[in-house]
There are 2 protein chains.
Amino acid sequence: MPTQTKENYLKAMYFLERKGSKIALTDLSKLLDVSTPTANSMVKKLQEDEWVIYQKYKPLQLTEKGRKAAALIVRKHRLTEMFLTKIMGFGWEEVHDIAEEMEHINSDALFDRMDELLGNPTVDPHGSPIPDKSGVLVSRNYEHLSDMSEGQRVRLCSMTDSSTELLVFLNSKNIKLGTEMDILKIESFDQSMIVSYNHHPSMMLSHEVCKRLLVEVVN
Amino acid sequence: MPTQTKENYLKAMYFLERKGSKIALTDLSKLLDVSTPTANSMVKKLQEDEWVIYQKYKPLQLTEKGRKAAALIVRKHRLTEMFLTKIMGFGWEEVHDIAEEMEHINSDALFDRMDELLGNPTVDPHGSPIPDKSGVLVSRNYEHLSDMSEGQRVRLCSMTDSSTELLVFLNSKNIKLGTEMDILKIESFDQSMIVSYNHHPSMMLSHEVCKRLLVEVVN
DNA sequence: AATATTTGTTAGATTAGTCTAACTTTTTAT
DNA sequence: ATAAAAAGTTAGACTAATCTAACAAATATT
Ligand SMILES: [Mn+2]
Ligand SMILES: [Mn+2]
Ligand SMILES: [Mn+2]
Ligand SMILES: [Mn+2]
């Protein structure tokens, strides 16, 4: 197993791969908050144990081995987040930083037990999918709330950004995963939406928020 | 806060202090499985932030600050062990290695929540005391089973060594914390004891085992 | 096509944590 | 009191992870 630092590099590369096709060194260095030379020398080292494929000036690539290792770290992260919320009673906005540390704990038994106590969950508290034990991640294709139309009824399933700020905002509006909302009106001027859900008959959500919420249409 | 490595040094010094008065560099290096020069250079660095007092050729000393930091790491370790056994269903022989990693997690909320879910326990699964939130450790004065006499009834409360091997051995004999035993006979030749407890009317325990078991006399 | 900008690389330095070899001080045994 | 043994220290080297400064290659803009 690589060091904690190297695990964070693999995980970062995995995220970049899963959203923007090519992995650019600059993106990696920004995501990890290190200088480009630092990231550059690290990917060269990661190549030595065949976690990544490195060729000068070419986009970075994860090997199968590197991708699997990364997925298993993500698995540990998301199982931990689920455990902290469902079993230990933390709020969804409190668990990320703890999981960021726990994901590096070397103990299959611990995470297997979490998985079991949680009943083999497939998504984390923010709706992100949990890779299975062999590192396979199946992600569903949700729609952005901002792309929906007036009159539709949708269910919140995930978000593109699970920052504490967004989660705290959603808490304040009583919006949770699974909350179903009716889109009453879309303001053409600023794309803000008026939605109705639970005991909130008329809530305004800005375009900035709607862009980040991933939903599925309820029939 | 110090690094994970430095935390392990502080904890090791804390253990040495709590049992053998003076902290010798050689003992520290053996406990941490590093060379003496490594330990030597580390204690010099620890002095810089006033975790320890270092004077050439003198026994090492923890500062108040260092002692408290160490106690709080031990607290996290033992709360974790308790959590893993009581809440997650692990055996007392499985938890130490996981706790060795979790003790470095930086989250008051996590350990406060464990403490709460456990009902503020005062001892870990091996009977070792848990320092309180301010780093105060109150340790009870138990007797070694090997020092008891024929005819006495004792309760297992702790052990001097909670190695996996001993714990697995005790499992195999159905001996747990709290198990009460009657000392039927002490073999003068090898100091082994014949004890009776639960459904085991006559169990032989070697001196090697008895030396490690800490008990209190039951009236 | 030439130039400017962005992206990536190299070189050289720094800090944390570790080692071995050689040496010194302290402690113990004779 | 001396010599031997144990404990502790110094010096010098190494790896992991990071940085800044300088430079090169690739890409985008005019
Ligand atoms: Mn997270
Ligand atoms: Mn991490
Ligand atoms: Mn332990
Ligand atoms: Mn540890």
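Keep in mind that this is a model prediction, so the values were computed, not measured. Residue numbers start from 1 in every chain, and the chains themselves are labelled A, B, ... in the order their sequence lines are given, proteins ahead of strands.
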Of the candidates dT18(C), dG8(C), dT18(D), the side chain of Ser41(B) sits closest to dT18(C)
side-chain contact (heavy atoms from CB on, under 4.5 Å) filter on Val123(B), not counting sequence neighbours, yields none
Residue pairs passing the side chain to side chain donor-acceptor pair (under 3.5 Å) test with at least one member in residues 19-31 of chain A, sequence neighbours excluded, are none
Set out, line by line, the N/O atom pairs under 3.5 Å between protein and nucleotides 20-28 of chain D.
unit_1, atom_1, unit_2, atom_2, d
dA25(D), O4', Tyr57(A), OH, 3.3

Quiz: residues 205-216 of chain A side-chain donor-acceptor pairs under 3.5 angstrom, not counting sequence neighbours:
unit_1, atom_1, unit_2, atom_2, d
Ser206(A), OG, Glu208(A), N, 3.4
Ser206(A), OG, Val209(A), N, 3.3
Glu208(A), OE1, Arg212(A), NH1, 3.2
Glu208(A), OE2, Lys211(A), NZ, 3.1
Arg212(A), NE, Asp161(A), OD2, 3.0
Arg212(A), NH1, Glu208(A), O, 2.8
Glu216(A), OE1, Arg140(A), NH2, 3.0
Glu216(A), OE2, Arg155(A), NH1, 2.6

Among the nucleotides dA16(C), dT18(C), dT9(C), whichever has the atom closest to the side chain of Tyr54(A) is dT9(C)
Sequence neighbours excluded, the answer for salt bridge (Lys or Arg N to Asp or Glu O under 4.0 Å) partners of Arg67(A) is Glu17(A), Glu64(A)
ring-ring contact (aromatic ring centres under 6.0 Å, His included) filter on His104(A), not counting sequence neighbours, yields none
Pairing string of DNA chain C (Watson-Crick or G-U wobble, both atom distances under 3.5 Å; | = paired to other strand) is ||||||||||||||||||||||||||||||
Contacts of His96(B) meeting ring-ring contact (aromatic ring centres under 6.0 Å, His included) (sequence neighbours excluded), chain-then-number -> His77(B)
Check your understanding: What does Lys30(A) touch in the nucleic acid at a heavy-atom separation under 4.0 angstrom: a base, only the sugar-phosphate, or nothing?
Key -> nothing
Expected list for residues 4-19 of chain B near DNA chain D, using heavy atoms below 4.0 Å, is none
So the side chain to side chain donor-acceptor pair (under 3.5 Å) pairs with at least one residue in residues 141-150 of chain B (sequence neighbours excluded) are none
Sorted by number, residues from residues 21-29 of chain A placing a heavy atom under 4.0 Å from DNA chain D are none
Scan the side chains in residues 39-50 of chain A for donor-acceptor partners under 3.5 Å anywhere in the protein, sequence neighbours excluded, and list what turns up.
unit_1, atom_1, unit_2, atom_2, d
Ser41(A), OG, Thr38(A), O, 3.3
Gln47(A), NE2, Tyr54(A), O, 3.1

Among the nucleotides dG8(C), dA17(D), dT10(D), whichever has the atom closest to the side chain of Asn40(A) is dG8(C)
